[in-house]
Protein chains: 2
Amino acid sequence: MPPVAEGDNRRASPTTRRAGARRAGAVYTPRVAVDVVLFAFHEATLKAFLVEPAGGPGGGCWAFPGGLMRVGETLDQAARRELRASTGLRDAYLEQLFTFGDPTRDPAGHVVSVVYLALTAAAEVAGAACAKYRQGRWYGVSELPRLAYDHERVAQVALERLRGKLEYTNVACNLLPDGFTFAELERLYAAVLGRKLDRRNFRRRLMASGLLRRLPATRRGRHRPAALYAFSERTPRVIALL
Amino acid sequence: MPPVAEGDNRRASPTTRRAGARRAGAVYTPRVAVDVVLFAFHEATLKAFLVEPAGGPGGGCWAFPGGLMRVGETLDQAARRELRASTGLRDAYLEQLFTFGDPTRDPAGHVVSVVYLALTAAAEVAGAACAKYRQGRWYGVSELPRLAYDHERVAQVALERLRGKLEYTNVACNLLPDGFTFAELERLYAAVLGRKLDRRNFRRRLMASGLLRRLPATRRGRHRPAALYAFSERTPRVIALL
DNA sequence: CCAAAAGTGTTGAGTATACACCCATGA
DNA sequence: TCATGGGTGTATACTCAACACTTTTGG
């Protein structure tokens, strides 16, 4: 396999990359956007936050919130900015998910989109009012409407990632507020993973993980009161759970 | 947490994103580059391919090959193009790794870099001659020189990903040519993971995985001949191995 | 007292790990 | 014949999955 000198090489070397900085905009490269897939667990269902782009040719389509990145900010900052602009949320778990760059994904031009996965325990707060879009609302992940751009695929990738991470990390702590019952935690896992879990085995393992802290209070309802728990820390941790 | 209308919103909505397409270059967004971290297993060592950017202010620093993305191509295409331009390799395993977007990562301007992980079994071929850079060569991953940009971090992330994937996928098939011995395969795993493996247990598990196909030939050396194997398929597969 | 959800242990099967000796060859 | 790396099996500890009844409360 002999080395091949391609016409390709002219503009793309690191040297050119740097020289090009002086004439920003003159270099013919796609633009960068950041999109955010925000999940919350609410009413025993995993929900995703969608916005309806104001008047865009999305034609009544929904999409995950996002927008162009700016020069001088980090990707994380851009994601946090977009999250806040579309939902009002100031804090949420954020993790880079994947970058989509197909030139046809946005019919109006080549935009590379760095997609973030976001989790919140405050579903009611988010999207109560949305300054940036015509409207924003929560959809159960199994009842998503038609999505614009390549966001069907984005949704799929985000869900896969969340499912994977539930089993071997403590991400779940970002989907529940302090003071949840074991039953709620189990319903969260069952809803996201799409399968039933054995109550006793589930409880044993999460207890053994040491991630949970028992609160003094109990939740009282129509039936036997349930002990309340909180995650003892919310720093991301890799740990086999299931 | 009341919704906050930020000055942020003006330019970043999907609407603006599309409208902006007509005046490409006028929108103030970082440029997009694709970098490729190519690994090979050679002489019982995991090696990475580095290039010395021609005359750039890298100042004798090495870096992973890469360059600006072009409008109209996919990320995968860009990665394949860069790989070929810097190493001559036409085919290699390629997987998107992570996107780095810190505005200070390239001192000459804000460039968002989508980094790909690449694997090849043809270490000798790659970089035999390199059209695009002053020079390109292999470095053992434990003896990397100082790297330009944020490529120290990039190297770290790439290695972590490779380590992780060795244990639960068949990626290793992309690092060995057909006709390897079990000892070679085990050395590959030991070198990448940085720990010794039990020969019998290792062999049992890989046999049980069904990923390997025994070749009729044997490798003859100074000692007892060793049976040769190949991976029965190279399509990516998720499977617990260790 | 009844309905509904909370809480609790054991057993059997399968899997993971640790470990040591013989084999085939070229020099 | 010897040095070198190739090749093989078993016993034990542990981990995982399946499984059902009692408790507590509100209505």
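Chain letters run A, B, ... following the sequence lines, proteins first, then strands; residues in each count from 1. As the structure is a prediction and not an experimental result, all values here were calculated from the model.
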Lys/Arg-Asp/Glu bridge criterion (N-O < 4.0 Å) met for [X], [Y]:
X: B:Glu186; Y: B:Arg203; result: no
X: A:Arg205; Y: A:Glu167; result: no
X: A:Arg161; Y: A:Glu95; result: yes
X: B:Glu52; Y: B:Arg137; result: no
X: B:Asp178; Y: B:Arg213; result: yes

Rounded to whole angstroms, how far apart are [atom1] on [X] and [atom2] on [N]?
X: A:Glu186; N: C:dA5; atom1: CD; atom2: C1'; result: 12 Å
X: B:Phe180; N: D:dG6; atom1: CZ; atom2: P; result: 14 Å
X: B:Arg214; N: D:dG6; atom1: CZ; atom2: P; result: 13 Å
X: B:Glu184; N: D:dG5; atom1: CD; atom2: C1'; result: 12 Å
X: A:Lys196; N: D:dC19; atom1: NZ; atom2: P; result: 15 Å

Exercise. Does the pair B:Ser113 and B:Asp35 meet the rule for a side chain to side chain donor-acceptor pair (under 3.5 Å), with working shown?
Worked result: CA-CA 7 Å; B:Ser113 171; B:Asp35 291 316; 2.6 Å; yes

For this session: Kindly say whether B:Lys47 contributes a backbone atom to a donor-acceptor pair with the side chain of B:Thr45 at under 3.5 angstrom?
Result: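 No, because the side chain of B:Thr45 does not come within donor-acceptor range (under 3.5 Å) of the backbone of B:Lys47.
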
Report, one pair per line, the protein and nucleotides 22-26 of chain C atoms (nitrogen or oxygen only) whose separation is under 3.5 Å.
{"residue": "C:dC23", "atom": "O2", "partner": "B:Arg224", "partner atom": "NH1", "Å": "3.1"}
{"residue": "C:dG26", "atom": "OP1", "partner": "B:Arg220", "partner atom": "NH2", "Å": "2.9"}
{"residue": "C:dG26", "atom": "O4'", "partner": "B:Arg222", "partner atom": "O", "Å": "2.6"}

For this session: Specify the residues of residues 198-213 of chain A, ordered by number, for which at least one heavy atom lies under 4.0 angstrom from an atom of DNA chain C.
Result: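 Residues of residues 198-213 of chain A that come under 4.0 Å of DNA chain C are, in numerical order, A:Arg199, A:Arg200, A:Arg203, A:Arg204.
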
Problem set entry | ring pair (Phe, Tyr, Trp, His ring centres under 6.0 Å) between A:Tyr116 and A:Phe64, worked out | CA-CA 10 Å; A:Tyr116 273 73; A:Phe64 296 110; over 10 Å; no

